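Throughout, protein chains are lettered first and strands after them, A, B, ... in sequence-line order, and every chain is numbered starting at 1. If you're wondering where the values come from, they're calculated on a predicted model, not measured in any experiment.
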Protein chains: 2
Amino acid sequence: MKKTSQPTINDVAHVSGVSKKTVSRVINNSPLLNDDTRQRVLGVIKDLGFVPNPQARALALRRNFLIGLVHDNPNAQMVLNVQQGILEAIRDTEFELVVRPVNRGAPSMLEDVRHFLERQRLFGVVLLPPVSENDSLAQLCDEIGCRYVRMGSAKLDDDEHMVASNDREAVREATQYLIDEGHKRIAWISGPHGFRSARERRLGFEDALGAAKIPLHRSMVADGNYTFDTGVLAAERLLDLSPRPTAIFAANDEMATGVLYAARQRGLDVPRDLSILGFDDTPTAGHIWPPLTTVRWPIVSMARAAAMKLLAGVGDGGEAVTEPSMFLSTLIRRASVARPMD
Amino acid sequence: MKKTSQPTINDVAHVSGVSKKTVSRVINNSPLLNDDTRQRVLGVIKDLGFVPNPQARALALRRNFLIGLVHDNPNAQMVLNVQQGILEAIRDTEFELVVRPVNRGAPSMLEDVRHFLERQRLFGVVLLPPVSENDSLAQLCDEIGCRYVRMGSAKLDDDEHMVASNDREAVREATQYLIDEGHKRIAWISGPHGFRSARERRLGFEDALGAAKIPLHRSMVADGNYTFDTGVLAAERLLDLSPRPTAIFAANDEMATGVLYAARQRGLDVPRDLSILGFDDTPTAGHIWPPLTTVRWPIVSMARAAAMKLLAGVGDGGEAVTEPSMFLSTLIRRASVARPMD
DNA sequence: TTGTACGCGTTATCAC
DNA sequence: GTGATAACGCGTACAA
């Protein structure tokens, strides 16, 4: 009765009078097993408080029970929401979450990830944008034999490997809302070049303007890269235009917050003099004054779904609950948008 | 030449003509080793690109090369900064970061953590406030034999197990700044009961007032729990006072943002009618208008130091670079504070 | 349906 | 200093 250390599969086998292998079968609920013995072994397992040793399983199975989160992301809140979603999915399972930031720019990025995956023999990884948009990365996972699910702003992969939001349509609707309110001079602050989300959102903006036959002048589009500072700079340029835009739609909330900052600096009243729209619905969006009208996408749910897809066919029952692959964003109307005064 | 899978310690031993154990000695740089053989083996290791298998090591050593982050934290930004700090510390090491949120309130919390630590056999854990303030948790780590470092707002443990910020002194200085500016009616919005940081900050506030012989009326202290909403509610009560406070010091930035929100809702001009101070220097603090005067604590550095302490005596050299245990916060002066009009 | 023997890749023991 | 040999705890042939 060595109470000091935890019980092993041998203890269970010994007590229940069966072989290791039978216990192993119970653990991995193999179908071919006498129900009597199964129940008996399960009882002993419960009595002894036996839990399989993850290290030993990892060694034998050549596969760790770890879910990796690979990201290279400028947005802290997004990363944390994704972690929350994944953690919800693996709660009460044997899985754990390993966080792995990578450097998207670095030439060694792919090799870094390869080493990480091969060494740790992860069960699977969730890929966050913008690295998730890198097809070579997905291919690498395939080669190594590591499951993966990509998160993104558009469908980049099979349903099995993808969880996407409909950024384009969401921005189209939000822009339509501005148009319905009477805005005609609407400016756009774009996200960084090369980001799929930046492209999708921009396209949605153009969709709405095109449908309303509102021409989009080059001067009404400013470059940004999703940061507060670029939002301020872009807004300063746009607010110098004459006539001034009556609304500015920034491709994310952080830049929209910068627009608000710039507007206040030059004494403009929001939303009377200028309407502002953002995208993300970060916590800050509702905490600033005026609270920001923005687009909310269900990032926690998406991350949870991504993790569930990874775990599909693992759990006890094996109930094939198919997770959705497309998630809809919704417009959150707050006080930063009003009808233009013109 | 089975190039397909990765080389093992056996391959290295075979090629270099020594035994497994000798290779193992090289890997763990045992002191008693002929320098010739060491160099030879190291050469082969490099040639073959051999990297020890973490799963096998974990099994043999009964210890995983994982660093755990145990937290139950309302503040997303803080959690992410801590992750960043830990990741910086373990970059280019064999360690990985595992995230483990816990439910502070739950009666099963200690048992949950125990299971987690015993099962995963973590190398060590970083404990975040407020769970880090739980002495039973630290004791549990000791019992299990899992290294730990606690982060907190005051010294709760030995230097070896602790990384602390000087919240009390930082708030004292910030309050002194308000007093120097001419404020006398200064209100305080406190953090949640039971949080050590809430207590320390409150004490610092009282220290400054006491030294300046400014009496602190009960009505000038409002309860909060570090959330935006409680900041708004507390501010609404404080702003109803007559005479009104000329300054409100909130125990964190999120509540301070709520104060600003409430002030603007009733048409007050900040900082002309009301000065506001916060604590944390979150990204939002600098993005709102007016930008928030606040206290910045070096959370990333603290987390990095915490992880370094965990890893102390592990690395190649074993150079005993002692990490500091106390980190100083600094007042960040922005536009939300001005001299009172009185 | 169940048991035996062995492998997974590494470290620890204890000889030499 | 170095090398057989046995753990570490579990999974998988293959046989029974």
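- Residue whose closest nucleotide on DNA chain C sits further toward the 5' end, between A:Ala60 and A:Arg40: A:Arg40.
- Side-chain proximity of B:Pro52 to the nucleotides D:dC10, D:dT2, C:dT10 is greatest for C:dT10.
- Atom P of nucleotide D:dT2 and atom CG of B:Asp35 are separated by 10 Å, given to the nearest angstrom.
- Between the CD atom of A:Gln120 and the P atom of C:dG9 there is a distance of 15 Å, given to the nearest Å.
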I would like to know whether B:Arg57 and B:Asn28 meet side-chain hydrogen bond (donor to acceptor under 3.5 Å, both in side chains); could you show each step before the answer? CA-CA 11 Å; B:Arg57 298 190 78 183; B:Asn28 303 294; 2.9 Å; yes

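- Salt bridge absent: A:Arg91 and A:Glu88 never bring a charged side-chain N and a carboxylate O closer than 4.0 Å.
- Residue contacts for A:Leu59: at a heavy-atom cut-off of 4.0 Å it reaches a base atom on one of the strands shown.
- Per the geometry, CG belonging to A:Leu61 stands 13 Å off C1' belonging to C:dG7, to the nearest Å.
- Contact annotation: side chain of B:Arg25 to base of D:dG3, donor-acceptor pair present below 3.5 Å.
- Contact annotation: A:Arg57 side-chain N/O to D:dG9 OP1/OP2 distance is not under 4.0 Å.
- In terms of phosphate contacts, B:Ser24 brings a side-chain nitrogen or oxygen within less than 4.0 Å of OP1 or OP2 of C:dT11.
- Between C:dT4 and A:Ser19, no contact under 4.0 Å exists linking OP1 or OP2 to a side-chain N or O.
- Taking the side chain of A:Thr8 as heavy atoms from C-beta on, and the options D:dG9, D:dG3, C:dT10, the nearest nucleotide is D:dG9.
- Side-chain atoms of A:Lys20 and base atoms of C:dG3 include no donor and acceptor less than 3.5 Å apart.
- Residue contacts shown for B:Val18 are limited to sugar-phosphate atoms, with no base heavy atom under 4.0 Å away.
- Of the candidates D:dG9, D:dG11, D:dG1, D:dG1 carries the atom nearest the B:Asn34 side chain, counting heavy atoms from C-beta on.
- Counting to the nearest Å, the P atom of D:dG9 and the NZ atom of A:Lys21 are 18 Å from each other.
- Applying the 4.0 Å criterion to OP1 and OP2 of C:dC8, one finds that B:Asn53 has every side-chain N and O outside that range.
- Regarding B:Ile45, its CD1 atom lies at a distance of 10 Å from the P atom of C:dT10, rounded to whole Å.
- Between A:Thr37 and C:dT2, a side-chain N or O to OP1/OP2 separation shorter than 4.0 Å is present.
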Passes side-chain hydrogen bond (donor to acceptor under 3.5 Å, both in side chains), B:Gln83 versus A:Gln83? Steps please. CA-CA 12 Å; B:Gln83 290 186 12; A:Gln83 290 186 11; 2.8 Å; yes

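- The closest side-chain donor-acceptor pair between A:Arg40 and A:Asn34, if any, does not fall under 3.5 angstrom.
- Nucleotide D:dC8 holds its C1' atom 13 Å from the CD atom of A:Gln6, rounded to whole Å.
- Put simply, CG on B:Leu33 is 10 Å from P on D:dG3, counting in whole angstrom units.
- The pair B:Glu160-B:Lys309 does not count as a salt bridge, with every side-chain nitrogen at least 4.0 angstrom from each carboxylate oxygen.
- Side chain to side chain, A:Gln55 and B:Arg63 fail the donor-acceptor criterion of an N or O pair below 3.5 Å.
- As a whole-Å value, the separation of B:Gln39 CD from D:dG1 P is 16 Å.
- For D:dC10, the OP1/OP2 oxygens have no side-chain nitrogen or oxygen of A:Asn10 closer than 4.0 Å.
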